Amino acid sequence: MKLTDNVLRSFRVAKVFRENSDKINCFDFSSNGETIISSSDDDSLVLYDCQEGKPKRTLYSKKYGVDLIRYTHAANTVVYSSNKIDDTIRYLSLHDNKYIRYFPGHNKRVTSLSMSPVDDTFISGSLDKTIRLWDLRSPNCQGLMHLQGKPVCSFDPEDGQTVRPAGPFATFKLQYDRTCEWTGLKFSNDGKLILVSTNGGALRLLDAFKGAVMHSFGGYNNSKAVTLEASFTPDSQFIMIGSEDGKVHVWNAESGMKVAVLDGKHTGPVTCLQFNPKFMTFASACSNMAFWLPTIDD
């Protein structure tokens with residue numbers, strides 16, 4: 001089944017999970033698409049089975065809190081940032097609920113965390129105005145960049161290249177919008193596009209090689225400057241973001257035209273949104289987790 005405008009318009013919520021008592025701040029699909037793990041402001045990590053459509057297990061990080069959860073290349077281990085006590089990044093085995101390693105260094109909240117697609121390195125950006133490069137095998141920071149402001153950072157899925165506001169092979173200057181700040185940066189799976197999300201009511205789609213703004217997307221609600229996650233579909237053809245009123249907005253990446261506004265009946269802002277990397281489903285979250293499926297074959 002191929003993703004088309006009509007297929008995307010047909011998506012409906014198939015299941016809603018109410019495992020959390022507070023906002024889900026992040027989730028991540030495993031690379032095989034079979035599981036998804038969420039982190040929440042209620043200090044819980046919930047593991048879901050995507051194929052059976054049910055929660056498998058709940059773990060807690062009550063002492064340190066949990067945010068920005070990311071699978072490593074092993075499906076039973078994750079890294080995540082802390083939002084209590086300190087700003088250390090933690091490496092957890094889901095199998096026995098034990099920490100494998102700690103990554104201390106940041107002295108303010110970590111706001112960006114990205115795992116390399118090709119090896120055991122990951123990067124983190126923090127309100128301390130630094131980006132740090134790490135290796136899962138060592139607690140010591142492998143690289144450090146000092147920046148002028150709050151950083152957002154990500155890995156190129158094609159070759160594992162790190163992108164930061166000043167990248168390793170190119171630097172782009174974009175017109176600065178004083179009404180909002182950047183909150184996220186994602187590459188398309190083909191490595192050709194960069195999606196920049198803000199805490200305002202606009203998204204920007206960039207050419208990853210030239211830095212040119214290809215499209216700006218708006219028309220979704222974000223009056224309270226919430227950090228809303230924007231995502232590409234796995235085929236890089238569509239762009240999605242949640243909104244303050246619980247809806248999901250979808251655009252065609254090539255034409256820039258809005259394709260659909262989907263109502264997920266979310267009770268709060270849709271702060272997390274990702275498409276499954278292997279199966280025809282996506283997930284969205286406020287304090288509830290929703291799994292979506294298409295209702296037509298195109």
Side-chain angles (χ1 to χ4, degrees), residues 3 7-62 64-72 75-81 83 90 92-95 97 113 184 220-221 226-234 240-250 260-295:
L3 272 180
V7 169
L8 275 161
R9 278 192 280 268
S10 81
F11 269 84
R12 299 291 182 270
V13 174
K15 279 199 173 178
V16 177
F17 304 97
R18 297 176 175 85
E19 309 299 304
N20 296 100
S21 59
D22 207 336
K23 183 187 85 170
I24 294 170
N25 52 44
C26 190
F27 62 64
D28 195 32
F29 281 101
S30 60
S31 58
N32 61 12
E34 292 175 4
T35 62
I36 185 172
I37 191 162
S38 68
S39 55
S40 167
D41 288 353
D42 65 12
D43 306 331
S44 70
L45 299 79
V46 182
L47 184 66
Y48 298 87
D49 186 312
C50 295
Q51 292 172 305
E52 294 188 19
K54 64 182 185 183
K56 286 176 72 172
R57 195 173 175 204
T58 300
L59 306 173
Y60 293 95
S61 181
K62 290 195 174 293
Y64 303 111
V66 54
D67 197 357
L68 296 177
I69 196 155
R70 302 281 184 258
Y71 274 109
T72 67
N76 61 347
T77 62
V78 292
V79 290
Y80 64 81
S81 62
N83 51 21
R90 291 176 160 82
L92 178 71
S93 166
L94 301 174
H95 169 67
N97 195 23
L113 194 62
Y220 58 93
N221 294 349
V226 178
T227 298
L228 303 171
E229 182 177 20
S231 293
F232 288 98
T233 52
M240 314 170 73
I241 193 169
S243 65
E244 209 170 57
D245 58 5
K247 293 183 169 66
V248 173
H249 294 248
V250 187
V261 180
L262 306 170
D263 192 353
K265 304 288 194 293
H266 279 287
T267 54
V270 180
T271 48
C272 303
L273 179 69
Q274 286 179 37
F275 216 97
N276 188 304
K278 298 294 182 188
F279 302 107
M280 189 64 76
T281 177
F282 70 86
S284 60
C286 54
S287 57
N288 300 332
M289 172 77 81
F291 285 6
W292 300 68
L293 290 170
T295 54

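Keep in mind it's a predicted model, so treat the numbers as computed, not measured.
Between R18 and T267, the closest side-chain pair of non-hydrogen atoms is not below 4.5 Å. With contacts defined as side-chain heavy-atom distances shorter than 4.5 Å, the pair V66/L59 does not qualify. Between F275 and S231, the closest side-chain pair of non-hydrogen atoms is not below 4.5 Å.
Scored by the side-chain hydrogen bond (donor to acceptor under 3.5 Å, both in side chains) test, T77 finds T72 as partners (sequence neighbours excluded). Residues that satisfy the salt bridge (Lys or Arg N to Asp or Glu O under 4.0 Å) test with K15, not counting sequence neighbours, are absent from this structure. For S243, the side-chain hydrogen bond (donor to acceptor under 3.5 Å, both in side chains) test picks out D245, with sequence neighbours left out. For E244, there are no salt bridge (Lys or Arg N to Asp or Glu O under 4.0 Å) partners two or more places apart in sequence or in a different chain.
No donor-acceptor pair under 3.5 Å is formed between the side chain of T271 and the backbone N or O of N25. Between the side chain of R12 and the backbone N or O of T295, no donor-acceptor pair lies under 3.5 Å. The backbone N or O of S40 lies less than 3.5 Å from no partner atom in the side chain of D22, so there is not a single donor-acceptor pair. For D28 (side chain) and Y71 (main-chain N/O), a donor-acceptor pair under 3.5 Å exists by modelled atom type. At least one donor-acceptor pair under 3.5 Å links the side chain of S61 to the backbone N or O of G65.
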Requested in this report: Before giving the answer on side chain to side chain contact (heavy atoms under 4.5 Å, CB included), spell out for I24 and V46 the whole-Å C-alpha distance, their side-chain angles and the decisive distance to 0.1 Å.
Outcome: CA-CA 10 Å; I24 294 170; V46 182; over 6 Å; no

Report task. Please report the C-alpha distance between F29 and C50 in whole Å, then the side-chain angles of each, then the deciding distance to 0.1 Å, and finally whether the side chain to side chain contact (heavy atoms under 4.5 Å, CB included) criterion is met. Result -> CA-CA 9 Å; F29 281 101; C50 295; 3.7 Å; yes

Query raised in the report: Where do F27 and C272 land on the side chain to side chain contact (heavy atoms under 4.5 Å, CB included) test, with the steps shown first?
Result: CA-CA 7 Å; F27 62 64; C272 303; 3.4 Å; yes

Requested in this report: Test L262 against F282 for side chain to side chain contact (heavy atoms under 4.5 Å, CB included), laying out the working first.
Outcome: CA-CA 12 Å; L262 306 170; F282 70 86; 4.0 Å; yes

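Atom NZ of K265 sits about 8.0 Å away from atom NZ of K247, to the nearest 0.5 Å. Of the inter-residue distances, the one linking I69 atom CD1 with I37 atom CD1 reads 4.0 Å to the nearest 0.5 angstrom. Taking CG of L293 as the start and CZ of F11 as the end, the distance is 7.0 Å to the nearest 0.5 Å. Taken from CE in M280 to CG in L8, the straight-line distance is 8.0 Å, to the nearest 0.5 Å. Expressed to the nearest 0.5 Å, how far CG of L94 lies from CG of L47 amounts to 6.5 Å. Atoms CE and OH, on M289 and Y48 in that order, are 4.5 Å from each other to the nearest 0.5 Å.
Taking the six-membered ring for Trp and the full ring otherwise, the centers of F291 and F17 sit less than 6.0 Å from each other.
Of all heavy-atom pairs between G242 and L228, the closest is O-CD1, 3.5 Å. Taking all atoms of both residues into account, the shortest heavy-atom contact from I36 to A283 is CD1-CB, 3.8 Å. Taking all atoms of both residues into account, the shortest heavy-atom contact from N32 to F279 is O-CE1, 3.6 Å. Here the closest heavy-atom approach between residue S284 and residue H266 is recorded as OG-NE2, 2.7 Å. S31 and P277 get closest at one heavy-atom pair: O-CG, 4.0 Å.
The side chain to side chain donor-acceptor pair (under 3.5 Å) pairs that include a residue from residues 272-282 are E229-Q274, where partners are two or more places apart or lie in different chains. Applying the salt bridge (Lys or Arg N to Asp or Glu O under 4.0 Å) definition to pairs two or more places apart or across chains, those involving residues 39-53 are D43-K84, E52-K54.
S81 and D67 form no side-chain donor-acceptor contact under 3.5 Å, judged by distance and modelled atom types alone. Side-chain atoms of T58 and S44 form no donor-acceptor pair, as typed in the model, at a separation below 3.5 Å.
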